[in-house]
Amino acid sequence: MTGRKTVHTDVAIVGGGIVGASAALALRQMGIGVVLLERDLCGSRSSGVNYGGVRRQGRPINQLPLAQRAHRIWGRLRETIGTDGEYLRSGHFKIARSEADMASLERYRAQSRDFDLGLELVSDARLRERCPWLGARAVGGSLCAEDGQANPRLVSPAFALAAQRAGAQIFERHKVDEVAHDGAKFVLRSGNTLEVHAPALLNCAGAWAGPITTEFGEAVPLQSGHPAMAVTEPLPFFMNWSLGVEGGGIYCRQVTRGNLVLGGGGAGVALDADRARSDRDAIASLSAQAIELLPALRHAHFIRTWSGTEGYLPDRQPVLGPSRTTPGLFHGFGFAGAGFQIGPAAGEVLAELVRDGRSSTPIEAFSIERFFPEETTTSPP
Amino acid sequence: MTTTAALQPVIVGAGPAGVRAAQALVVQGLRPVVIDEASRAGGQIYRRPPASLSQRTAAMLYGFEASRANAVHQAFDAMRDRIDYQPDSLVWNAQGGVLDVLHNPTRTTARVPYGQLIVATGATDRVLPVPGWTLPGVYTLGGAQVALKFQGCAIGQRVVFMGTGPLLYLVAYQYAKAGAKVAAVLDTSRLADQLAATPAMLRQPAVFAKGVYYVAWLRAHGVALHSGVRPLRVLGDAQDSRVAGVAWHDGSEERTLACDAVGFGYALRSETQLADLLGCRFEFAPLHRAHLPVRDAAGRSSVRGVYLAGDGAGIMGADAAEWAGERAALALLADRGVAVDTARAAALERKRHKLGGFREGLERAFPLPHDWAAHAPDELVVCRCENITAGTLRQTVAENGADEMNRLKALSRVGMGRCQGRMCGVAAAEILAHATGLPLQQVGRLRGQAPIKPIPIHLAAAPSTEGAGE
């Protein structure tokens, strides 16, 4: 029987995904003590198995300040985490399949004009000229030349490694079994092996963040989602852009190695609370849409399919900010399948909240308060 | 009527296990669906050539095993019209009580529901690569045997067989009998291993005698047999366009030999992907040096309605596969409420149990070379789909702290190609265990992910649902 280890630190973080790991890194860069607990391996869940889109285009306007901040972090990725993680500003092209889609893309360009995304609308002859590989359904699209893609399998674990190099204590394979506040500080317990005491706590547990909100009396309607993902055998390289479709559905990119990574097309199936797979109907839908979008894929082979477990709130916006009940507790979860690009900025914001009590990036829209509309006083029946 | 009873039982694999399982179900009046990747039933060891190449006799194709091969083939042929047989068909996915099946000749994929399923997916070669193994002219032992049995041709004119395991001598013998020049047999196990294992192997004297016979026959026909070797590399010709020889270390010095083809392998590994997709619980099996789906003595897996039989659940050989297939079918019948011959069931279990000691003997006689990972040079390509070297794997361990197979895969791309780790997984796990200093069971196994083998996208897009209800 091993004795329990007790660690005292400034900030405890639950969850070693890209949000938790980048918060750990940012805190260390501020000279703040950090202990991070990850139930599995850092970056092995949603952060490490997602599509790998690094995209600002198409995000709700209220996420763009955060996305712009993240864009700057991505721009100096190698110096930040020690690897480029196959990050490429290869362009993100959102496809329109109708004139209505085109109008919607134009509206988005107008709405996002303050954010300098550099969106370029492409249609008709210029579309065929620039992307002869596009299927006939596409009538045009919107290009964000500085958006791109990266390899999440490499990037997300690298954030955790960078945080560790910077002095964060990272405990992998340490599930948090108990979390409480003793009046002065948070006490986290992992099995019989580890206890962490810290005055501040970051809840970055992704789809598994719910129990912590419940523990502190602010349960939110967090649900799990499982996008279907698939990858083809390596094909001759033909496409730089990462593709999305206006209105959602499918997304697709080709990596330098030649494989095409595809996602979307419906839901996966949960195997248990932790793991999921692509559903067969979702694979079928993904396949049909992929061939329609890129007819050259018709005779390519899928070599692998997979899914992950992501946290979704009803409005598909994250919870990012302070707890409404407990001083020292900050949440950063529920990124609704779109957390990879903004994850590093969310991490920095959480570090600022710990240090300064406020963020230099507007995050009001992501407050947990939105799930607790002011109680109207009514007389009892 | 329960769902289970309403659906035909499904058997995946038509080797010795699948055929005997089907036979036991047919006898009880059931009509199983039998899905098999090959175009003719028989499995690998009793693989049948295409009808157009059938002029060679069973004795020529299967040697001592001709009567057993004939028995399995005849059992299958006799019940052919009482089963729903789907040859040339790959089960590429399983989800929610339904299999996804790619029928190769028609290029269609169908959904086959099941209530009860016998998984008899067999085995492929256990591969520990050696520098030069990706040169044209290098085959696995099983591949070399398939070429001979199925295509009626040899892999070369002057062939070296290298590695270890019973198949090493059997294939060498079959090649020499068929008229190919066998330049040498290079066995990594030592004579001392075989001597130490003899008592255990005498538990199956007839099988043991066959092994002794192959060795004696090869020796009598002037084939050079070397044991205790360490393969160093497969040598290429001047352009490195084809095999020109092999180099090995014999314990005291380096030796080379010219040849134009190499067959190599280290016994077999189970094909467990389907069991994995079905959700079967896995455990490390020290005897097999692999994580395998667990099953009880009857062949029941941890998943209700899923039964495991044959080499796909642990390498026990063709005879044991026949017994396990029949036993699993009896379990399936009993679980359906059919009265089965319990004495027969017990006898089958006893036979398989008795073989256990012999299998331990075989592992002792032909151990996986324990120092392979230590000697694998950094430039050795372990994963040929993704061109990942032993050095890259070691670097991934050292720099990124990978200590588990799926993590190693994510960070290095090993096992991310077309084979999905089916070929390179064994070697990658050995390298990982060696590099981390962890025991093999602790580095885990690659998680199964559909498709089990690559599937054309346009087929994945357009499935047809096939009713298999009675």
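In what follows, every chain begins at residue 1, and chains take the letters A, B, ... in the order their sequences are listed.
Looking at A:Val231, there are no atoms closer than 4.5 Å to chain B (heavy atoms on both sides), in backbone or side chain. Contact annotation for A:Thr232: only side-chain heavy atoms (C-beta onward) come within less than 4.5 Å of a heavy atom of chain B. Only the side chain of A:Ile291 comes within contact range of chain B, with heavy atoms under 4.5 Å apart. Of the atoms belonging to B:Ile452, not a single heavy atom falls under 4.5 Å from chain A. Using a 4.5 Å cut-off between heavy atoms, A:Arg304 touches chain B through backbone and side chain atoms alike. Both the backbone and the side chain of A:Asp279 have a heavy atom closer than 4.5 Å to some heavy atom of chain B.
Identified by a heavy-atom distance below 4.5 Å to chain A, the contributing residues of residues 390-403 of chain B are B:Glu399, B:Asn400, B:Asp403, in residue-number order. Close approach to chain A, defined as a heavy atom under 4.5 Å from one of its heavy atoms, is seen in B:Gln420 of residues 419-441 of chain B, taken by number.
To the nearest 0.5 Å, atom OG1 of residue B:Thr109 and atom CZ of residue A:Arg280 are 9.0 Å apart. Note: A:Leu41 CG to B:Asn406 CG = 9.5 Å, rounded to the nearest 0.5 Å. Between the CD atom of B:Gln449 and the CE atom of A:Met229 there is a distance of 11.5 Å, given to the nearest 0.5 Å. The line from CD1 of A:Ile283 to CG of B:Asp100 is 7.5 Å long, rounded to the nearest 0.5 Å.
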For residues 152-171 of chain A, run the donor-acceptor check on the side chains, cut-off 3.5 Å, and write out each pair with its distance to 0.1 Å, sequence neighbours left out.
unit_1	atom_1	unit_2	atom_2	d
A:Arg153	NH1	B:Ala410	O	2.2
A:Ser156	OG	A:Ser47	O	2.7
A:Arg165	NH2	A:Ile81	O	3.1

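Between chain A and the residues B:Arg413, B:Met416, B:Arg418, the largest count of heavy-atom pairs under 4.5 Å involves B:Met416.
Using a cutoff of 4.0 Å between basic side-chain nitrogens and carboxylate oxygens, B:Arg407 and A:Asp40 are not scored as salt-bridged.
Side-chain contact between A:Val269 and B:Gln95: present, with at least one pair of heavy atoms (C-beta onward) separated by less than 4.5 Å.
The ring-ring contact (aromatic ring centres under 6.0 Å, His included) check on A:Phe302 picks up nothing, with sequence neighbours excluded.
Within 6.0 Å of the CZ atom in A:Arg257, the count of heavy atoms belonging to other residues, nucleotides or ligands exceeds 12.
Here the closest non-hydrogen pair linking B:Asp276 and A:Arg277 is O-NH2, 3.4 Å.
Between the side chain of A:Ser287 and the backbone N or O of B:His458, no donor-acceptor pair lies under 3.5 Å.
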